[in-house]
Amino acid sequence: MTQSKDNPEKSRELISEDSMKDLLTKQLEIVGSGGAYVWAIFFLCVTPNILNGFHVSSYTLLGHLPDDQWCGIPDLQDTNWTLAQKREIAAHGLDSGGCTVWDWNYQHLAKMSYEAALNYTSHNMESAQPAEVSCKVKGHYEYSNPESTFVSDWDLTCEQSIQRTSAQVSISLGKFCGSFTFGILADKFGRKTSFSLGALFFIVGSFFCTFSPWYSLFLAGRFALGAASSGLFYPAFTMIVENICLKHRSWMSIAFSASYPVGMIILAIIGYFIQPWRHLQLALTIPSLLLLLNCYLMNESPRWLITNRRYDRVYKILFRQPSHYQVQPVAAAVAPVVTDKKSLEPQGSFSLGERLKNGPLKSIIELFANPNVRKLIFTSYFMFCVTSLSYYVTALNAANMSVSRYLYIIGTGLVDIPSYLVPVIMLRFTGRRITTMFLFLWTGVSLLLVLAVPAGNTTWVVAFAMLGRFGISATYSVVTLYTAELYPTEIRNSALGTCSTFAHVGSISAPFVVDILGALGWYIPTTICGCCVLVAGLLTLTLPETGTGKLSDKVEDTPATVPAEEAEKK
C-alpha cells in the first residue's frame, strides 16, 4: 500500500497493469452501453458536424456565377441612353455573356443619339466588322445583383473564372492537409487535443472569409475551414466508434453522418433569406463560437488513454472519482554482465530518421509495414476517393442541371437524411461488407442511368442524379464506419486521416469536373462518377467483415483482406 497523492490519508491499492486495463475496459463497456455518458459524447460530437455541413455547398451560394452580367463602357455613362441600348451598341450579336465587346470608338459614339449610333454601327458592321475585344480593354464588368456573390467583388469571371473554382478547391485542399495532419495529432496527442485545435482553425477561418478585403486572404480562410473540418470530424467520429458499444455504435455513427445534410438544409434556408454573400458568411460564422463550449465540456477518449497508459485519468472519467489504485510497475529486466569496455561507452544518439520513424511517423509507417494492413489501406484509399468525388459532384452540380441553387441544395439535403436510414437497417442483417458493396452498385447504376435520359429532360436528369446522391450519401456513412472498424486502435485515426486525405483528392477534383468538364457536356460529371463507383463496389468484396463487435487494438491483430472462412472454401 502507498499513500494516494489526492488524499494522503487514504492508501492506494496496488494493481497489475493488465488487471487495470481489464477493469477500465469492462467499465468502458458498461458506461458505453447507454446513459448520460453516451448521450454527452453523441451531442458534443454531432453539433460540430452540423457546422461542417454549412460549407459542403456554400460555394454554390457564395460564389455562384452572376445571373446577369454585362460590360459597362465608361465613355457611354454620360449619355441619355438606357442600359439596354448601351448593351445593344457594345455587344450586339455577341454571345459571350458580357466577357467581350466590339472595338468601337465609344467616345465618338457617345456624341450621337442612340438611333444615330445604331445606324452607324449597323452600317459599319456590313462593310468592315470591328474586332471583338475583352471587356477589360474598353470598360469593366457590371452585374445585376453584385452583392449576392463574391465573384463580383474580385471580377472572377470570363478569363478569370478558373479563380472562382479555386474557392472550392482551397477548402478541399484544406481538408486534404488537415485530414493527414489532424489524424496524426489525434493518435499522438489525443482526440480532444486535435478537436480543440480544429475548433480554433474553424473560428479563425470563418472570420477571415467574412471580413477579408482580398481574395487571397479569403482563400486562406477557406483553406483553414477545410483543415478545421477534418480536425473536427475525424476525432469526433473516432470518439463515437471507440467509446460507444456496438448496440448504439451503428445508428449513432449514421446519425453523426446525417447531421451533415442538416447543415446543408440550414445553409439553403439562411441563404434564401440573406442574399448578400458577406452577410450570409457572417450568419454561418457566428454559430462557430459554440465550439468553445464543446472543447470545454468534452473529455478525452478513454480507449485512447488506456492505449497510452494514462490509467488515473481514465478511471476519473469512467468512475467519476479519483483512482484508489496504483499500477504496479513492471520489474526491470536484469542488466547484462559487462564483459567488454565498449559496452560501458555511451551509445550514440539516434539519427533524425530513426527519431521520426519511432516518433511522429510511426503510425503512418505501420499502415504500410504490415502486409494485411497494407492491402486494406490501398482499397480504402480508392473507396474514399471515388466516394468523395461523387459526393461533391452531386452537391455542386446544380448549374449544369439548370435548376434553382436553393432548391437543389435543399433537395440534396433532404435526400441525404433518409439515405442514412437505409444503412441502419441493412447493417443489422447484411453486415458491413455486403451493405457497402450494394450501396456502391446502387450509386453507380443510378448515375449511369442519366445517359439514358433525352437531352433537355431536366426532371428525369435531376431524379436519377438524386437517386445517385441518395446512394453515395448512404455509402459515405457506411464506408467511414467500416474503415474505422477495419484498423486497430494504435493506428485507427492515422488510417482514417490518410483515407480522408485521399477522399479529398476526390473533393479537390470535383469542382474541376463540374465547372470544366460539365461545360463540355452536362452528362460527363455523373458518367465519370458512375464508372468509378462501380469499380469501388467490386473492390469491397476483397475486404473482411467487421460486424462482430470486437475492435482490434494491436496492428498484429489486423485481419487479412480475404475473410478466413471464404479462403478455406476456396
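In this chain, residues are counted from 1 in sequence order.
- Phe438 and Trp442 have tilted rings, their planes meeting at an angle from 30° to 60° on a 0 to 90° scale.
- Screening Val169, Leu389, Leu517 against Ser509 for a side-chain contact (heavy atoms from CB on, under 4.5 Å) leaves a single residue, Leu389.
- Residue pairs meeting the ring-ring contact (aromatic ring centres under 6.0 Å, His included) criterion with at least one partner in residues 291-314, sequence neighbours excluded, are absent.
- Cys45 approaches Phe256 most closely through the heavy-atom pair O-CE1, 3.1 Å.
- With salt bridges taken as basic N to acidic carboxylate O contacts below 4.0 Å, one links Arg191 and Glu242.
- Neither side chain, Ser473 nor Tyr391, offers a donor N or O lying under 3.5 Å from an acceptor on the other.
- The cationic group of Arg222 does not satisfy the cation-pi geometry with Phe208, failing either the under 6.0 Å distance to the six-membered ring centre or the 45° limit from the ring axis.
- Applying the side-chain contact (heavy atoms from CB on, under 4.5 Å) criterion to Ser390, with sequence neighbours excluded, gives Ile472, Cys529, Val533.
- Below 30°, between 30° and 60°, or above 60°: for Trp154 and Phe150 the angle between ring planes is between 30° and 60°, a tilted geometry.
- Among all heavy-atom pairs drawn from Pro423 and Val478, the shortest one is CB-CG2, 3.3 Å.
- With no hydrogens or angles considered, no side-chain donor-acceptor pair links Tyr37 and Asn299 at under 3.5 Å.
- Ring-plane geometry between Tyr215 and Phe218 is classed as parallel, the angle between the planes falling under 30 degrees on a 0 to 90 degree scale with a further cut at 60.
- Applying the side-chain contact (heavy atoms from CB on, under 4.5 Å) test to Ser196 and every residue at least two apart in sequence or in another chain returns Lys192, Cys295.
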